[in-house]
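Only one structure is covered here, and it is reproduced in the block below.
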Amino acid sequence: MTYRKDIDGLRAIAVLAVILYHLDFTFTPGGFIGVDIFFVISGFLITQTIQKDIQENKFTISHFYVKRIRRIIPALFVTTLVTIFFSLLILPINELTEFALSVVSVATFTSNIFFWKHVDYFSVAAELKPLLHTWSLGIEEQFYILFPIFMWLTKKISHKKIILLILLFLLISFTLSASLLASGYITENFFLPITRFWEIFMGSALALSIKYISHNNKVINNFTAFIGLLLILFPMLVLNQNNIFSGMNGLYSVLGATLIIYTGAQNRTYVSSFLSNKYLQYIGLISFSLYLWHWPIIALSKNIIFGEFSLLIQLSILVLTFVLSAISYQFVEQPFRQNEKLKNFLSIKTGLLALLLLAIISSLIYIVVKINFPEKQISYIEHYCFKTEETLESTYNCSFGAKDSDSIFFLYADSHASTVRPAFEKLALENRWRVIVAEFGGCPPLFDVFRLDNIGSASNCTGEYSKNVEHFLENNKEKIELVFLASRWSLFEKGLIINGRLNAATHFISDKEIKSKDSIDSSKVLQKAIIRTVDKITHKLNIQTILLAPVPVLYGDITKQLELKNVTKEDYKNQRQLVDHIFNSFETNSLVKIMDPIDVFCPTDICRMYDDNNDALYLDDNHLSYEGSLLLYPLLKSTLEKKNWRTMLFQGTQELLSPDFFRSRSE
């Protein structure tokens, strides 16, 4: 198989795009498409290699796996081991358990599945995960496990039939990808192998069919190669995470890479000559190490440095990445490819033992953290309900407290369900309440609203979940005693502001009348939606409701800075002006109570960030820690124990209900 310098040059473009994007250089807003280019290259080269071995009657699945182990495991093992060491020094305790599990996922080739379950790729929190980038390796490794088996099983089938089968697989994968996107399952589409394999199959199909579609027309080749280059540069320089997963935009980079590889195989084009220069060629040769090293350095740096990286920090990280990658390529990658003793040593058995060692180390970290810091862990509901219609029975796994109780409370929230949950759970267990949780991160607990930014958690905010919640409350209104609404309300008023800059994941909310493009529109939608939702729950369903006013938002992530500017009580009041205005409109609604944490967190003119034991009350800048949540326990208890608010509006009249009203409704 002829060595292709231009493919290494294409690798260089891909890895540089990814690195510059992750370093937040504004001129590469779509740099993450570099991964799509890698997938096409992998499919092309792997298929060519397997096909060549089959034709020479020397292909075995075990030999293929050994070559992949020699290519992947040495550099992956070293970078992961170094990342573990520095993560133990840098990451907060409450993030180490998830990090340890992510190492296990790397060792088992399932990191894409792990991060699908645990994080939104484009969210702010994702920027702090040191091994997030290994999701793409997980997809490639899963392909490497399955594809050689397919090629071995079909080696006696005609060449053209194999091409047709691969094109069929490509079409199925692409159709599933488009279907998930159309249905709003953006995170699933991003991480799942079945919706990503079509990109690798594109390279495979090209590798097998190139001899049937080759020609020697230099003009056509140069024109086609130029179109391919434009198809790569366009999404890299123009698209961003707001629109890359809409419509057919994902096709650009895949088609572009395919055209460049195809034309480079015919004869030398201007594009292939450019990609074959020695500088891009070298970057392409070390691209695997570059990809492995760049993200842990960036993520761990973001765990230390608050705010945007300065140009000096960006360039410093870039230089460090190249230095470590050059060393890794020279002294880790190359020896296991060229040194016969090392090649013989690194078999399937020793490769798996290396991965097992990583899994053991990370498992020990997980166990030690769990044993020594159990009180720091906030328990979350693992089973998310209301993606479909639910019943009381089906919501058992997304309940806490006394799950067999007939006293049923309903906690409807965004990610700030965690803000109140430890306090609520303690009170529920003491009073034998069952609390059902409907928690959708990045989406307010309001009926008939949705987000249009299509970023990260926006996939949870299409209106489908809230409609399912609304139907559940309607169907069980006689059994539910209380609805509790908790949210970072001001987020949906002002948008997600990071370091003074509106984030691409704006969190602006829209309804059927207003399609929000700015904070003014989103504020209008928020006000209408809160009033509409509370009116529905109280006046139409006759269910008592507690609204939790937002907790103070800090001026930075408390786990990332040694010192933070204090939030004053006046600052806190300014943060929630609109929310207070809306909540005050419910003064005449006897079924509504406002739970206001202002005196809990701001007993003086300065709001609290730490408790009396100097434990942080926050996990970041807005989510409460376990200790912070428990501070709300007395306030929550006193709010629920008040007996003068158990009145309701029914058919235009107010009736004072007895203290046994809740119990009578559930019987």
Side-chain angles (χ1 to χ4, degrees), residues 91-99 118-120 122-129 302-303 306 373 375-382 384 400 411-426 435 437-445 456-458 460-461 484-499 503 505 507 547-561 564-565 567 571-572 575-576 579 595-598 600-602 607-611 615-633 635-636:
L91 293 182
I93 288 293
N94 63 310
E95 294 180 16
L96 282 178
T97 51
E98 183 183 295
F99 169 74
H118 287 79
V119 73
D120 291 315
F122 294 106
S123 68
V124 177
E127 297 180 351
L128 308 176
K129 313 293 183 184
K302 287 186 175 182
N303 275 277
F306 176 73
F373 302 95
E375 74 285 356
K376 303 294 183 182
Q377 309 299 321
I378 294 179
S379 57
Y380 294 96
I381 299 268
E382 293 293 337
Y384 290 94
F400 62 78
L411 173 57
Y412 187 20
D414 55 17
S415 61
H416 278 236
S418 62
T419 292
V420 72
R421 178 168 176 189
F424 214 148
E425 188 164 20
K426 180 179 179 182
V435 183
V437 182
E439 174 188 354
F440 313 121
C443 191
S457 56
N460 290 337
C461 208
F484 193 101
L485 302 180
S487 173
R488 184 183 173 183
W489 302 105
S490 59
L491 173 65
F492 308 102
E493 169 200 354
K494 301 171 183 176
L496 180 58
I497 307 294
I498 301 176
N499 306 315
N503 195 259
H507 289 73
L547 298 171
L548 175 63
V551 299
V553 176
L554 306 184
Y555 287 111
D557 190 331
I558 198 169
T559 65
K560 307 299 184 294
Q561 285 185 289
L564 280 177
K565 176 185 174 183
V567 177
D571 294 335
Y572 178 33
Q575 291 175 0
R576 45 181 276 184
V579 177
M595 180 173 155
D596 193 342
I598 188 167
V600 174
F601 286 92
C602 308
C607 298
R608 304 173 67 184
M609 292 187 285
Y610 297 90
D611 64 13
D615 289 320
L617 300 179
Y618 290 79
L619 295 174
D620 44 37
D621 64 336
N622 67 95
H623 293 92
L624 295 184
S625 64
Y626 183 86
E627 292 81 3
S629 176
L630 285 185
L631 282 183
L632 294 174
Y633 172 78
L635 177 62
L636 179 63

Drop me the distance from Tyr618's OH to Leu624's CG, to the nearest 0.5 angstrom. 5.5 Å

Shortest non-hydrogen separation from Glu95 to Leu91 and the atoms involved: OE1-CD2, 4.0 Å

Output yes when a side-chain donor or acceptor of Asn303 lies under 3.5 Å from a complementary backbone atom of Leu128, and no otherwise. yes

Tell me whether Asp571 is salt-bridged to Lys565, with the criterion being a basic N under 4.0 Å from an acidic carboxylate O. no

Classify the ring geometry between His416 and His623 as parallel (under 30°), tilted (30 to 60°) or perpendicular (over 60°). tilted

Looking at CZ of Phe492 and NE2 of His507, how far apart are the two atoms once the value is rounded to the nearest 0.5 Å? 6.0 Å

What heavy-atom pair brings Ala486 and Leu548 nearest, and what distance separates the two atoms? CB-CD2, 3.9 Å

Give me the ring orientation class for Tyr412 and Phe440: parallel if the planes are under 30° apart, tilted from 30 to 60°, perpendicular past 60°. perpendicular

Taking all non-hydrogen atoms of both residues, which atom of Arg488 and which atom of Val553 are closest, and how far apart? NH2-CG1, 3.9 Å

Quick check: closest heavy atoms across Pro552 and Cys602, and the distance to 0.1 Å? CG-SG, 4.2 Å

Judged by atom type as modelled, is there a donor-acceptor pair below 3.5 Å linking the side chain of Trp489 to the main-chain atoms of Pro444? no

So, does Ser625 use its side chain to make a donor-acceptor pair with the main chain of Gly628 at under 3.5 Å? yes

Are any of the side-chain heavy atoms of Leu496 and Leu491 separated by less than 4.5 Å? yes

Taking all atoms of both residues into account, what is the closest heavy-atom pair of Ile558 and Tyr610, and its distance? CG1-OH, 3.6 Å

Residue pair Val551 / Pro597: nearest heavy atoms and the distance that separates them: CG1-CG, 4.2 Å

